[in-house]
2 protein chains.
Amino acid sequence: MSTTRQPSEESGVAAPRPRGTAFLLAQLGAHAAGRFAERVAALGLTPPDVGLLRMIATRPGLSQRALATELGVVPSRVVTLIDQLDGKGLVERRRSTEDRRNHALHLSADGQRVLAEIGTVAGEHEADICAGLDDAERAVLTGLLERIAERQGLTPGVHPGYRGMAKGRPR
Amino acid sequence: MSTTRQPSEESGVAAPRPRGTAFLLAQLGAHAAGRFAERVAALGLTPPDVGLLRMIATRPGLSQRALATELGVVPSRVVTLIDQLDGKGLVERRRSTEDRRNHALHLSADGQRVLAEIGTVAGEHEADICAGLDDAERAVLTGLLERIAERQGLTPGVHPGYRGMAKGRPR
DNA sequence: TATTGTTATACTCTATAACTATA
DNA sequence: TATAGTTATAGAGTATAACAATA
């Protein structure tokens with residue numbers, strides 16, 4: 001193992017190692033997402049679960065269809081995810097009285113407790129990731145990230161991972 | 001579709017929408033990774049392909065085993081990935097004369113051309129993601145990101161996505 | 001006929017384990 | 001026996017399409 005780490009004597013191609021801001025963002029983002037996944041796994045949840053719970057808490061009574069649209073996900077996937085959360089007793093499906101095709105989604109009491117735990121975990125996660133930066137630096141960083149996010153047209157609070165993108169399969 | 005977007009009248013739980021720096025990093029990172037995947041897909045490549053090509057260019061003659069260790073990936077996966085790149089004529093497997101169990105990996109002439117194209121694409125990607133920030137702001141952002149990356153113990157140039165993490169499956 | 005939710009199915013990605021060929 | 005590479009197989013995650021109930 002271990003050879004010296006030099007810019008290809010063979011190919012003569014210049015430094016192929018990615019060092020740009022965009023790569024750092026992707027690298028750090030994947031790291032942060034992974035760490036967060038580990039933390040919520042301790043609560044028996046996956047990141048998508050957390051996203052659904054938060055969305056339902058914010059907009060109780062939402063239909064599965066609306067949720068799918070909101071998150072940019074296919075309806076059948078919402079079924080699977082809600083099935084699991086329902087099975088754990090965290091969310092309830094209530095048949096709408098007006099249109100009985102609809103399932104109005106609500107957090108159960110347990111769901112609300114779990115949501116509170118998620119908040120705690122998210123705080124720890126935030127502190128971990130930002131460790132080493134003082135308050136001023138965090139503010140600067142957050143400001144710059146928000147500007148990029150807005151410029152890129154990202155919906156606040158919606159992780160692109162829900163959209164099954166970030167794969168890019170050619171051939 | 002569309003209800004007013006308010007902090008849960010029902011649950012009484014406070015703002016469940018993630019707004020922290022860590023979430024922004026994950027969100028933006030997934031976005032950047034997705035956009036990059038789209039770009040290299042135009043070259044008929046996936047992001048993992050790009051990672052391997054860059055690593056092989058940097059350290060020609062590397063064995064598949066060493067590559068797997070370097071990237072934190074299981075050897076069988078390297079076989080699959082190299083199979084594809086080999087099939088496209090971008091990399092060559094050369095039996096080592098010293099230890100004939102080894103395959104020394106090298107970029108072909110085509111592989112080097114493709115690597116140059118990757119460089120172009122990466123530059124466009126970088127410009128796209130950082131659009132809206134001036135040079136000084138980019139420098140500040142990059143500096144802060146690098147400090148976090150170092151603090152988190154990330155290996156420069158190695159995307160955690162190679163490690164199959166960022167999944168976090170409980171139950 | 002159109003829509004909500006569901007089920008059935010298939011495909012991609014990735015890991016584990018068994019196998020071969022060299023050492 | 002140990003190691004590099006390979007093949008076989010299985011699992012998780014996610015999408016597409018067909019279906020049932022309701023409108």
Side-chain angles (χ1 to χ4, degrees), chain A residues 1 30 33-34 37 41 44-52 56 61-87 91-105 159-171, chain B residues 1 30 33-34 37 41 45-49 51-52 56 61-87 91-105 159-171:
Chain A
M1 192 187 290
L45 299 172
T46 64
D49 289 336
V50 173
L52 291 217
I56 295 170
L62 206 64
S63 74
Q64 295 186 190
R65 202 69 171 192
L67 191 55
T69 303
E70 201 80 16
L71 266 41
V73 169
V74 83
S76 65
R77 199 182 164 206
V78 172
V79 172
T80 308
L81 290 166
I82 296 293
D83 273 350
Q84 294 169 357
L85 295 174
D86 191 359
V91 310
E92 297 170 7
R93 285 191 246 233
R94 303 185 194 156
R95 275 287 177 204
S96 168
T97 46
E98 304 142 350
D99 185 338
R100 300 229 308 281
R101 291 173 302 184
N102 274 270
H103 273 157
L105 300 173
H159 194 289
Y162 297 136
R163 303 204 348 261
M165 66 109 77
K167 283 299 168 55
R169 68 195 72 85
R171 99 172 26 208
Chain B
M1 189 187 292
L45 299 172
T46 64
D49 290 336
L52 292 218
I56 295 169
L62 206 64
S63 73
Q64 295 186 190
R65 202 72 173 189
L67 192 54
T69 303
E70 201 79 16
L71 266 41
V73 168
V74 81
S76 66
R77 200 183 163 206
V78 172
V79 173
T80 307
L81 290 167
I82 296 293
D83 273 350
Q84 294 168 357
L85 294 175
D86 191 358
V91 310
E92 296 170 9
R93 285 191 245 233
R94 303 185 194 157
R95 277 285 177 207
S96 169
T97 47
E98 303 143 350
D99 185 338
R100 299 229 309 281
R101 291 173 300 183
N102 274 269
H103 274 157
L105 300 173
H159 194 290
Y162 298 136
R163 302 202 351 259
M165 66 107 80
K167 283 299 167 53
R169 67 195 72 84
R171 99 172 25 209

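What you see below is based on every heavy atom in this structure, not just the backbone, and it leaves out hydrogens, waters and symmetry mates. Here is how names work: the chains are called A, B, and so on, in the same order as the sequence lines, proteins then strands, and each is numbered from 1.
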**Q.** Non-neighbouring partners of Gln64(B) that pass side-chain contact (heavy atoms from CB on, under 4.5 Å), sequence neighbours left out
**A.** Val78(B), Val79(B), Ile82(B), Arg93(B), His103(B), Leu105(B)
Q) Quick one: bend of the helix from dT1(C)-dA23(D) to dA23(C)-dT1(D) from 5 pairs per end, to 10°? A) 30°
Q.
How many whole angstroms separate atom CZ of Arg77(A) from atom C1' of dG5(C)?
A. 17 Å
**Q.** Partner of Leu52(B) under side-chain contact (heavy atoms from CB on, under 4.5 Å), chosen from Val91(B), Leu45(B), Leu85(B), Val73(B)
**A.** Leu85(B)
(Q) With a 3.5 Å distance limit and no angle check, can you tell me whether Asn102(B) reaches the backbone of Ala104(B) through a side-chain donor-acceptor pair? (A) no
Q: Mind checking the CD-CG spacing from Gln84(A) to Asp86(A)? Nearest 0.5 Å is all I need.
A: 11.0 Å
Q.
Between P on dA20(D) and CZ on Arg100(A), what's the gap in Å once rounded to a whole number?
A. 19 Å
Q. Does Thr46(A) offer a backbone N or O that forms a donor-acceptor pair with the side chain of Asp49(A) under 3.5 Å?
A. yes
(Q) As an exercise, state the distance from CD of Glu70(A) to CG of Leu62(A), rounded to the nearest 0.5 Å. (A) 6.5 Å
(Q) Just the rounded figure in Å: distance from C1' of dT12(C) to CG of Asp49(B). (A) 14 Å
Q) When you measure from the side chain of Arg95(A) to the backbone N and O of Arg101(A), does any donor-acceptor pair fall under 3.5 Å? A) yes
(Q) If I take atom CG in residue Leu71(B) and atom P in nucleotide dT14(C), what distance separates them, rounded to the nearest angstrom? (A) 12 Å
Q.
Is the shortest side-chain heavy-atom distance between Arg77(B) and Pro48(B) below 4.5 Å?
A. yes
Protein-nucleotides 2-8 of chain D N/O pairs under 3.5 Å:
{"residue": "dT3(D)", "atom": "O4'", "partner": "Arg101(B)", "partner atom": "NH1", "Å": "3.4"}
{"residue": "dT3(D)", "atom": "O2", "partner": "Arg101(B)", "partner atom": "NH1", "Å": "2.9"}
{"residue": "dA4(D)", "atom": "OP2", "partner": "Arg65(B)", "partner atom": "NE", "Å": "3.3"}
{"residue": "dG5(D)", "atom": "OP1", "partner": "Gln64(B)", "partner atom": "N", "Å": "3.2"}
{"residue": "dG5(D)", "atom": "OP1", "partner": "His103(B)", "partner atom": "N", "Å": "2.9"}
{"residue": "dG5(D)", "atom": "OP1", "partner": "His103(B)", "partner atom": "O", "Å": "3.4"}
{"residue": "dG5(D)", "atom": "OP2", "partner": "Gln64(B)", "partner atom": "N", "Å": "3.3"}
{"residue": "dG5(D)", "atom": "OP2", "partner": "Arg65(B)", "partner atom": "N", "Å": "2.4"}
{"residue": "dG5(D)", "atom": "O3'", "partner": "His103(B)", "partner atom": "ND1", "Å": "3.3"}
{"residue": "dT6(D)", "atom": "OP1", "partner": "Arg93(B)", "partner atom": "NH1", "Å": "3.2"}
{"residue": "dT6(D)", "atom": "OP2", "partner": "Gln64(B)", "partner atom": "OE1", "Å": "3.1"}
{"residue": "dT6(D)", "atom": "OP2", "partner": "Gln64(B)", "partner atom": "NE2", "Å": "2.8"}
{"residue": "dT6(D)", "atom": "OP2", "partner": "Arg93(B)", "partner atom": "NH1", "Å": "2.9"}

Q: Starting at atom CG of Leu52(A), determine the distance to atom P of dT14(D), rounded to an integer number of angstrom.
A: 11 Å
